[in-house]
Amino acid sequence: ERENSDYEGVSLRLPVLPEQLQFVRGGDNVSSSTVKHGEVNVLRRPKLTTFQIDSFFPRTGERGYVRGREEFYSPDYYMTMLTWLQDNKTPAKAVFSGFDIEAMYVSVESFTFSYNHADDDITYSLSLKEYRPYGANSRRLVALKPLFSGSNATAYCCPTGTPKDFVQYWRSRYCEW
């Protein structure tokens, strides 16, 4: 499992902000039919947020609307970086300056580009999807300790809950009183 801190070094500042950002946050709800109520909607966690950026990589940073003119990169740099993110299965942190939107980790889902020979700019469409770290959580096994021994039974103390709770549970399931 990777933690979010593993990706903090991966950042990509787009030179030209898109006019708009449209986010899609779908649901993963399931409809089901019951005898008593008919159709019901079982609410589940939302799907991952997706969005698309349509803009261009300018050949030069001399235009007034280009962000970061002091650290301008060629379109090849951006195309290489986006391809690298896809090839290496690496999420990046998306920060939306100029918009009131919270930053999120994203994966590159698709990257479409075309060359514009009139001004040597590269127009592109970039589809991104929210990334959530995942993986199995490791658990430590704890040995159960004898709580008491009787003539026909031994009870054990579990590491969670109180010994009294465990004894009551154990007695209700396994002892004949």
Side-chain angles (χ1 to χ4, degrees), residues 1-57 67 78-114 122-145 147 155-174:
E1 173 182 347
R2 291 177 163 179
E3 294 296 325
N4 282 344
S5 60
D6 294 342
Y7 310 116
E8 289 184 5
V10 179
S11 64
L12 182 64
R13 184 176 183 174
L14 300 177
V16 179
L17 287 175
E19 282 189 34
Q20 69 175 14
L21 288 173
Q22 181 176 0
F23 291 83
V24 177
R25 188 167 188 235
D28 200 18
N29 303 333
V30 178
S31 291
S32 183
S33 294
T34 65
V35 174
K36 185 175 181 179
H37 300 290
E39 184 179 19
V40 295
N41 191 16
V42 180
L43 302 179
R44 298 169 83 184
R45 292 184 58 118
K47 290 185 176 186
L48 298 172
T49 301
T50 61
F51 61 99
Q52 184 166 318
I53 297 173
D54 295 315
S55 189
F56 67 97
F57 298 127
R67 299 174 56 230
Y78 296 103
M79 294 174 59
T80 302
M81 176 63 99
L82 291 168
T83 304
W84 182 87
L85 289 170
Q86 274 188 307
D87 292 345
N88 290 284
K89 303 175 195 150
T90 303
K93 189 171 188 176
V95 179
F96 307 97
S97 58
F99 296 93
D100 188 22
I101 301 168
E102 192 173 321
M104 70 174 81
Y105 289 92
V106 296
S107 62
V108 177
E109 294 298 302
S110 69
F111 175 50
T112 307
F113 59 91
S114 61
I122 296 177
T123 58
Y124 68 91
S125 180
L126 179 62
S127 295
L128 300 170
K129 185 181 231 179
E130 178 183 9
Y131 174 81
R132 290 184 198 148
Y134 65 93
N137 293 329
S138 60
R139 297 286 187 235
R140 189 180 68 175
L141 295 176
V142 178
L144 298 176
K145 299 175 184 170
L147 182 63
Y156 291 90
C157 175
C158 60
T160 59
T162 64
K164 183 178 178 182
D165 294 337
F166 183 81
V167 170
Q168 289 175 347
Y169 170 77
W170 185 82
R171 282 183 181 162
S172 68
R173 302 239 357 203
Y174 302 107

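- By the side chain to side chain donor-acceptor pair (under 3.5 Å) test, T83 pairs with no residue at all, sequence neighbours left out.
- The side chain to side chain donor-acceptor pair (under 3.5 Å) search around S33 returns none, not counting sequence neighbours.
- Every residue meeting the side chain to side chain contact (heavy atoms under 4.5 Å, CB included) condition with S114, not counting sequence neighbours, appears here in chain and number order: T123.
- Closest of all the heavy-atom pairs between Q86 and E109 is NE2-O, 3.6 Å.
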Check residues 19-31 and write down every donor-acceptor pair under 3.5 Å in which the side-chain atom is one partner and the other belongs to a residue at least two apart or another chain.
residue	atom	partner	partner atom	Å
N29	OD1	R44	N	2.9
S31	OG	E39	OE2	3.3

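- For T112, there are no side chain to side chain donor-acceptor pair (under 3.5 Å) partners two or more places apart in sequence or in a different chain.
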**Message:** Using side-chain contact (heavy atoms from CB on, under 4.5 Å), reason through F111 and M79 one step at a time and then give a plain yes or no.
**Reply:** CA-CA 9 Å; F111 175 50; M79 294 174 59; 3.9 Å; yes
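- W84 is listed as a side-chain neighbour of T90, based on a closest heavy-atom distance under 4.5 Å.
- By the side chain to side chain donor-acceptor pair (under 3.5 Å) test, S32 pairs with no residue at all, sequence neighbours left out.
- Heavy atoms only, all atoms of each residue included: R132 and P46 are closest at NH2-O, 3.8 Å.
- Considering every non-hydrogen atom in both A92 and L85, the closest pair reads CB-CD1, 4.1 Å.
- Two residues are said to be in side-chain contact when any heavy atoms from C-beta on lie closer than 4.5 Å; T50 and L128 fail this criterion.
- Evaluation of the ring-ring contact (aromatic ring centres under 6.0 Å, His included) test over residues 27-46, restricted to residues two or more places apart or in two chains, returns none.
- F57 meets the ring pair (Phe, Tyr, Trp, His ring centres under 6.0 Å) test with Y78, Y124; sequence neighbours excluded.
- Residues Y131 and V106 have side chains not in contact (no heavy-atom distance under 4.5 Å, counting atoms from C-beta outward).
- Residues that satisfy the side chain to side chain contact (heavy atoms under 4.5 Å, CB included) test with S110, not counting sequence neighbours, are S127.
- By the 4.5 Å heavy-atom criterion applied to side chains, E130 and Y105 are not counted as neighbours.
- Closest approach of I53 to P18, counting heavy atoms only: CG2-CG, 3.9 Å.
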